[in-house]
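Proteins come first, then strands; the chains are lettered A, B, ... in the order of their sequence lines, and each starts at number 1. Heavy-atom basis, side chains included; hydrogens, waters and symmetry copies ignored.
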2 protein chains.
Amino acid sequence: MTDRLTLGVAARLSTYLRVLTQYRKQGSESISSQEISEYANVNPTQVRRDLSAFGKFGKRGVGYDVKSLTSQIQGILHTGGTHTIALVGAGHLGSAIATSSIFKEHGFRIAAAFDIDEDKVGTAVGDLTVEHADGISARCRELGVVLGVIAVPPESAQMAAEALVDGGLSILFNYTETLLDVPEDVTVHTINPAEEMLYALYFYLT
Amino acid sequence: MTDRLTLGVAARLSTYLRVLTQYRKQGSESISSQEISEYANVNPTQVRRDLSAFGKFGKRGVGYDVKSLTSQIQGILHTGGTHTIALVGAGHLGSAIATSSIFKEHGFRIAAAFDIDEDKVGTAVGDLTVEHADGISARCRELGVVLGVIAVPPESAQMAAEALVDGGLSILFNYTETLLDVPEDVTVHTINPAEEMLYALYFYLT
DNA sequence: TGTTACTTGTGAACACTTTCGCATAGTTGG
DNA sequence: CCAACTATGCGAAAGTGTTCACAAGTAACA
Ligand SMILES: NC(=O)c1ccc[n+]([C@@H]2O[C@H](COP(=O)([O-])OP(=O)(O)OC[C@H]3O[C@@H](n4cnc5c(N)ncnc54)[C@H](O)[C@@H]3O)[C@@H](O)[C@H]2O)c1
Ligand SMILES: NC(=O)c1ccc[n+]([C@@H]2O[C@H](COP(=O)([O-])OP(=O)(O)OC[C@H]3O[C@@H](n4cnc5c(N)ncnc54)[C@H](O)[C@@H]3O)[C@@H](O)[C@H]2O)c1
C-alpha cells in the first residue's frame, strides 16, 4: 500500500474522482460500478477491481456511497487538500480558466494570473487581479504555487515556462501547441484536444 | 494490419502525431525516438516498438524522417484528411477555441459556431459568424459535421449535447464538468484539466 | 579507409491490465 | 420470511504493455 500506483490506476482513479465529484452535485448518494464505468468510459469490472485493490468500499446489491468513496480515493491519491496554481496569460482562454468552477471543485485555487499586456495588468478576471508577467517567479515562490498553467500565444509559451520553472514549479500544464523544453525534473502536461480528436476519430472510422 | 489498434497504441500514435506536427513547424527534418519520447512522456523503447510494429520507418544511426513518419502514422490512424467540427458556445472558451490554430494544424475545420445569446449571433469569432443555437441539428447535417465541441455553461451542456446528437453526431468533446447522458452509440470525451492535475500531483507528492 | 559515435529494431523476460464467470451478500416486494 | 433481483469482490486466464540488452546499420571525420 506504500507502493506507488501504476500510471493506469492513478489515471483511472482521477477519472473516477471527477465523475464522483459531479455525480454528488447532481444529488445522488449511491453509485454503481456500472454507472461510474459509463461516465468514465471503462469496463465496470475494471472499476470494481481498481477499487477493491484498496479495500471493500462497496455494498453488494447497492453500490458505492458517493461521499465516502470520494474520500477514500482522495486518500489513496493523497490529494484531499487545497492546491495552489498560477495562470500565465489572461486572454480568452485565460479568462475562461479563471472563471471556471472546474478547478475549485477539485481543490485547486488559482492564486495569481499574469499577463504581459499593460492594458490587462490591474484588471480583474474572475476573483483575481491580473499581475505583470515580470513578477511570475517571485510571486510563485511567495504564494507557494505547485502547478502552473500556460495560456499564452504559442510563441510566448517557452518564455512563460521558463519563468514558472524559475519560480520553483515542476508541474506545467501547457494549453498551447508549442513543444516546451524544460529541465529533467519538470513535467509538462499538454492539453491538446486535437490529439484526442484524432484518437476518437480512429475508433469512429474503423 | 486490418486489425483495430488497441486503445493504448492508438493514443500514443496520436501523441506522436502531435509532437511530429509541431516539430516539423520548428524546422527539423529528422527526429530520434529519444526526442519523441521526451515530448510525449513515454519510454524511447516504447516509441520504437510502437512504430516498428507497422514497418521499418527509421534509419539506424539517424532517426526518423519527420515528414514521412507523419504520413505513415496518419495512414495507420486513417486520419489524413480534413474533418469538419462544430462548436457550441461562443463565450471566452469558445472564442479561444475558434481562434486557436491547434485544430487546423491537425486537419480539423471548425465549420460553424453556435450561441444562444442574441447579442452574439451574427458577430464574428475567428473566421466564423456565430449562428443561433436553434439551428444546430439542421446545420450539422447540412455541413457534414463529424464531431461537436461543447463550450457552454455547465447547466446548458446537456441541452447542447442533445442538439448535436440530433444533428447526427456521435463524437462529443465536452469542456464542461457536467456529466452528459447520451445514447449508447455516442462517445463523450471530457476535457477536464483538473482530473489530470490530480493525477500529476499524485506522482509529484509521492 | 578505419574508427568512433549514434540510433534503430527486436528477442526475451517480466509486469500490468482486462475480461469472464460466479459465489456471495444486500434489497425489495409480496 | 421467501423469492427474485441487483451488484460487489475475486480467482483464473488471456491479452497487452514495458523495459533491458544488444546486434546491426549509418554517418562523420580524421
Ligand atoms: N488546448 C486547448 O484546449 C486550447 C483551446 C483554445 C486555445 N488554445 C491555445 O491557447 C493559447 C491562447 O489562446 P487565447 O485565445 O487565450 O489567446 P489570446 O490572444 O486571447 O490571449 C493570450 C494572452 O497572453 C498574453 N501574453 C502574451 N505573451 C505573454 C507572456 N510572455 N507572458 C504572459 N502573458 C502573455 C497576451 O497579452 C494575451 O492576453 C493559444 O496558443 C491557443 O492556441 C488552446
Ligand atoms: N475544460 C477546460 O479546460 C475549461 C477551461 C475553461 C472553461 N471551461 C468551462 O467551459 C464552459 C464555458 O466557459 P466560458 O468561460 O466560455 O463561459 P462564457 O459564459 O464566457 O461562455 C458561454 C457561452 O455559451 C453560451 N450559451 C449558453 N447556453 C447556450 C446554449 N444552450 N447553446 C449555445 N450557447 C449557449 C452563452 O451565451 C455564452 O456565450 C464553462 O463550463 C467552464 O467551466 C472548461
Give me, pair by pair, the N or O atoms of the protein and of nucleotides 26-30 of chain D that are less than 3.5 Å apart, along with how far apart they are.
| unit_1 | atom_1 | unit_2 | atom_2 | d |
| --- | --- | --- | --- | --- |
| D/dT26 | O4' | B/Arg60 | O | 2.9 |

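- Rounded to an integer number of Å, the gap from CG of B/Asp50 to P of D/dG17 is 8 Å.
- In this structure, the side chains of A/Ile150 and A/Leu180 come closer than 4.5 Å at one or more pairs of heavy atoms.
- If you take CG of B/Leu7 and C1' of D/dG15, they are 13 Å apart, rounded to a whole angstrom.
- Rounded to an integer number of Å, the gap from CG of A/Asn43 to C1' of D/dT8 is 14 Å.
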Next item on the list: Report the C-alpha distance between B/Glu195 and A/Thr15 in whole Å, list the side-chain angles of each, state the deciding distance to 0.1 Å, and finish with yes or no for side chain to side chain donor-acceptor pair (under 3.5 Å).
Entry: CA-CA 6 Å; B/Glu195 176 185 329; A/Thr15 306; 2.5 Å; yes
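- Within a 6.0 Å sphere centred on CG of A/Asp127, heavy atoms belonging to other residues, nucleotides or ligands number 12 at most.
- Residues B/Asp50 and B/Tyr16 form a side-chain contact, since some pair of their non-hydrogen atoms from C-beta on lies under 4.5 Å apart.
- Computed from coordinates, the B/Arg48 CZ to D/dC22 C1' distance equals 11 Å when rounded to whole Å.
- Here the OG1 atom belonging to A/Thr70 is positioned 10.0 Å from the CD atom belonging to A/Gln72, to the nearest 0.5 angstrom.
- Within 4.0 Å of A/Val9, counting heavy atoms only, lie sugar-phosphate atoms of the nucleic acid but no base atom.
- Rounded to whole angstrom, the span from the CZ atom of B/Arg12 across to the C1' atom of D/dG17 amounts to 7 Å.
- Regarding contacts with the backbone of D/dC10, a side-chain N or O of A/Lys56 is found under 4.0 angstrom from either OP1 or OP2.
- For DNA chain C, the outermost nucleotides in 5' to 3' order that have an atom under 4.0 Å from a heavy atom of chain A are C/dC16 to C/dT27.
- Note: CD (A/Gln46) to C1' (D/dT8) measures 15 Å, nearest angstrom.
- Using bins of under 30°, 30° to 60° and over 60° for the plane-to-plane angle, the ring pair A/His92/B/His92 lands in the tilted bin.
- Of all nucleotides listed (D/dG17, D/dG11, D/dT8), D/dT8 comes nearest to the side chain of A/Ser32.
- Contact annotation: the side chain of B/Ile191 approaches that of A/Glu196 to within less than 4.5 Å [non-hydrogen atoms, C-beta and beyond].
- Side-chain contact of A/Thr178 with A/Gln158: a donor-acceptor pair under 3.5 Å is absent, judged by distance alone.
- Side-chain contact between B/Val125 and B/Ile97: absent, with no pair of heavy atoms (C-beta onward) separated by less than 4.5 Å.
- Rounded to a whole Å, the CG atom of B/Leu13 is 11 Å from the P atom of D/dG17.
- Contact between the side-chain N/O atoms of B/Thr6 and the OP1/OP2 oxygens of D/dT16 is not found at any separation under 4.0 Å.
- One atom, CD1 of A/Ile36, and another, C1' of D/dT8, lie 12 Å apart when rounded to the nearest Å.
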